[in-house]
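The block underneath contains the structure these notes are about, expressed in structure tokens.
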Amino acid sequence: MTALLKVEDLKVAYGKIEAVKGISFQVNEGEIVCLVGTNGAGKTTTLRTLSGLIKPKSGSITFDGKPLASVPAHKIVSLGLAHSPEGRHIFPRLTIAENLQLGAFLRTDKEGIEKDVQRAYEMFPILGERRKQAAGTLSGGEQQMLAMGRALMSQPKLLMLDEPSMGLSPLMMQKIMATIKDLKAAGMTILLVEQNAQAALSLADHAHVMEIGKVVLSGTGRDLLHNEDVRKAYLGED
Ligand SMILES: Nc1ncnc2c1ncn2[C@@H]1O[C@H](COP(=O)(O)OP(=O)(O)O)[C@@H](O)[C@H]1O
Ligand SMILES: [Mg+2]
């Protein structure tokens, strides 16, 4: 299997505070890899670093065979790495259609963009029905759909999702998880960050548990789902 993303001994600090303390993992083509861990573990910092929004202190990131260390954030998108951020960050005053268009800001192929907008509407019919409405009128779950749809508009090779189920009803969460499964079936490679370990681990090919900036446990999704420590710490069992 080819590694699409390889992270080696990555360290990231905010001033003197080291938020990521030397983590290594890889994402192979076509896989869902999941980072789980409690609040403050360094998951978001890791994704923001991969996106080029934060500069790492040390370590290496290789994406699609190229080192990412000195590549600026907008170039990273054009290399094929898309990020659906924690908290979604959609543009509430712009319409749903405009938000999707923004995800394609580096593309010039008008017909291809329109095709992908239609595909987003097929994946999430509610977005199509409300395409002309301000995105701020959508519910949390619908905003999550929009954030995912927008990230896909850059035609990424790797889709990074930061806490897509945060704040959603169980039903909406199921729908988002089903969509992630569908994306994988369609060939997408996904790096998924979740506090909702149960749902995420059942989807993941490989998973890593992070605690205060370190990876403390790695395995297949199934391994971790059945691991006693994980069940105690993350699945509320004792
Ligand atoms: N902008 C920031 N400035 C300083 N410290 C930060 C900043 N963002 C996150 N941190 C700290 O870095 C650590 C990791 O945070 P984060 O990556 O958001 O974790 P997670 O996504 O796993 O909850 C935490 O201790 C957090 O307080
Ligand atoms: Mg986070």
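Only this structure's heavy atoms are used, side chains among them; waters, hydrogens and symmetry mates stay out. Order of listing sets the numbers, starting from 1, for every ligand and every atom in it.
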If you count the atoms of ligand 1 from 1 in the order shown, which ones are under 4.0 Å from a heavy atom of Thr45?
14 (C), 15 (O), 16 (P), 17 (O)
Below 4.5 Å, heavy atoms only, C-beta onward: do Glu194 and Pro164 meet side chain to side chain?
yes
Does a side-chain N-to-carboxylate-O contact under 4.0 Å join Arg119 and Asp116?
yes
Got the closest protein heavy atom to atom 12 (O) of ligand 1, with its distance?
Ala19 CB, 3.3 Å
Nearest-contact summary for atom 19 (O) of ligand 1 - protein heavy atom, Å:
Gly42 N, 3.1 Å
From Asp205, Thr179, Thr189, residue fulfilling side chain to side chain donor-acceptor pair (under 3.5 Å) relative to Lys184:
Asp205
For atom 18 (O) of ligand 1, state which one of Ile54, Thr44, Val193, Thr49 supplies the nearest heavy atom.
Thr44
Between ligand 1 and Asn39, can you find any atom pair, the residue atom being a heavy atom, that is separated by under 4.0 Å?
yes
Heavy atoms of the protein only: does one fall short of 4.0 Å from atom 27 (O) of ligand 1?
no
Heavy-atom side-chain contact between Thr46 and Val12 under 4.5 Å:
no
Protein contact of atom 9 (C) of ligand 1 - nearest heavy atom, named by residue and atom, plus distance
Tyr14 CE1, 3.5 Å
Under a 3.5 Å threshold, yes or no: a donor from one side chain and an acceptor from the other, between Asn28 and Gln26?
yes
Would you say Gln143's side chain and Leu138's backbone share a donor-acceptor pair under 3.5 angstrom?
yes
Can you check whether a protein heavy atom sits less than 4.0 angstrom from atom 7 (C) of ligand 1?
yes
Is there a side-chain contact between Val33 and His208, using heavy atoms and a 4.5 Å cut-off?
yes
Short check: any N/O/S atom of Glu86 below 2.8 Å from the Mg ion (ligand 2)?
yes
N/O/S of Thr44 less than 2.8 Å from the Mg ion (ligand 2)?
yes
Does any N or O atom in Ile17 lie less than 3.5 angstrom from one in ligand 1, N or O only?
no
Heavy-atom check, side chain of Ser84 versus side chain of Gln144, under 4.5 Å:
yes
Return the closest protein heavy atom for atom 24 (C) of ligand 1 as residue, atom name and distance.
Gly40 O, 3.8 Å
